[in-house]
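This report concerns only the one structure given below.
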Amino acid sequence: MRGVYTANYRISAIAAAKTLVYVTVPSGQVIEIHHTEVSNESNESNEQCVIAWQRITTLGTPTATTITPAKHEKGDQAAASTWKANVTAFEPTYGAIAQGAAIVDVIGLKGFPSLGSYIYAPTPEERVYFASADNWGLRLINTPTAFDISIEVTFREIG
């Protein structure tokens with residue numbers, strides 16, 4: 001399928017709630033999320049974690065590493081969206097995710113066992129689209145015991 005890419009990143013010794021990756025959608029395009037996986041590379045003790053995709057209300061200027069997504073087909077152009085990983089300072093601003101309250105602009109909110117990995121793989125009918133010029137972040141919401149993680153996001157750019 002044309003316009004499909006995968007963004008990968010590894011973070012060592014993650015021990016804080018933080019934005020794992022975020023994307024800035026180019027003007028005039030939308031992004032369709034096909035698959036997201038966050039897996040534990042190092043900790044043999046199981047731990048309950050909470051993660052979600054969430055729309056960023058104010059991006060600011062986070063300190064993070066730029067990712068170059070891999071294209072799935074040789075003839076495709078480079079991804080037009082901007083992907084950043086491992087926010088280490090100046091976290092973006094998000095809406096609240098509180099128990100017992102309405103939650104808006106949140107996709108794939110799940111508690112998951114760290115040994116089992118977080119997987120968000122909606123069927124085609126359930127896939128979400130990040131709107132033109134939006135910013136979305138994949139957030140680890142709770143503070144875990146330190147472990148190394150791998151992150152993989154497969155997406156399609158449309159427009």
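The nearest pair of heavy atoms linking V21 to A85 is CG1-CB, 3.8 Å. Nearest heavy atom pair, residue A52 against residue I141, reads CB-CD1, 4.0 Å. Across all their heavy atoms, I119 and K110 have their closest contact at O-NZ, 3.0 Å. Looking at every heavy atom in both residues, F112 comes nearest to Q48 through N-NE2, 3.2 Å. Here the closest heavy-atom approach between residue I56 and residue P92 is recorded as CG2-CB, 3.6 Å. In plain terms, the two heavy atoms of Y22 and G137 that are nearest each other are CB-CA, 3.8 Å.
How far OH of Y120 is from CD1 of I107: 5.5 Å, rounded to the nearest 0.5 Å. Going from atom CZ of R2 over to atom CG of D76 covers 4.0 Å, rounded to the nearest 0.5 Å. Taking CG of L20 as the reference point, atom OG1 of T36 lies at 10.5 Å (rounded to 0.5 Å).
No side-chain donor-acceptor contact under 3.5 Å links D148 to the backbone of S42. In this structure, the side chain of S114 engages the main chain of E47 through a donor-acceptor pair within 3.5 Å. Using a distance-only test at 3.5 Å, with no hydrogens or angles considered, no donor-acceptor pair links the side chain of N86 to the main chain of A64. The closest donor-acceptor contact from the side chain of Y118 to the backbone of G108 lies under 3.5 Å. T57 places a side-chain N or O within donor-acceptor distance of the main-chain N or O of T93, the cut-off being under 3.5 Å.
Cluster membership check: V25 shares its hydrophobic cluster with I67, using side-chain heavy-atom separations under 4.5 Å among Ile, Leu, Val, Met, Phe, Trp and Tyr. Taking hydrophobic clusters as Ile, Leu, Val, Met, Phe, Trp and Tyr residues chained together by side-chain heavy-atom distances below 4.5 Å, V50 does not share a cluster with V38. Hydrophobic cluster membership differs between V4 and I33, with clusters built from Ile, Leu, Val, Met, Phe, Trp and Tyr side chains linked at under 4.5 angstrom. In terms of hydrophobic clustering, with Ile, Leu, Val, Met, Phe, Trp and Tyr side chains grouped at heavy-atom distances under 4.5 Å, V87 and W53 are assigned to different clusters.
Between W136 and F155, a ring centre-to-centre spacing not shorter than 6.0 Å is recorded. In summary, the aromatic rings of W83 and Y9 are positioned with their centroids too far apart to meet the 6.0 Å limit.
Side-chain contact annotation: Y94 with T19, donor-acceptor N/O pair under 3.5 Å present. Counting only N and O atoms by type, the side chains of T24 and N135 include a donor and acceptor under 3.5 Å apart. Side-chain atoms of S81 and Q29 include no donor-acceptor pair closer than 3.5 Å.
No side-chain heavy atom of V128 sits under 4.5 Å from any side-chain heavy atom of P122.
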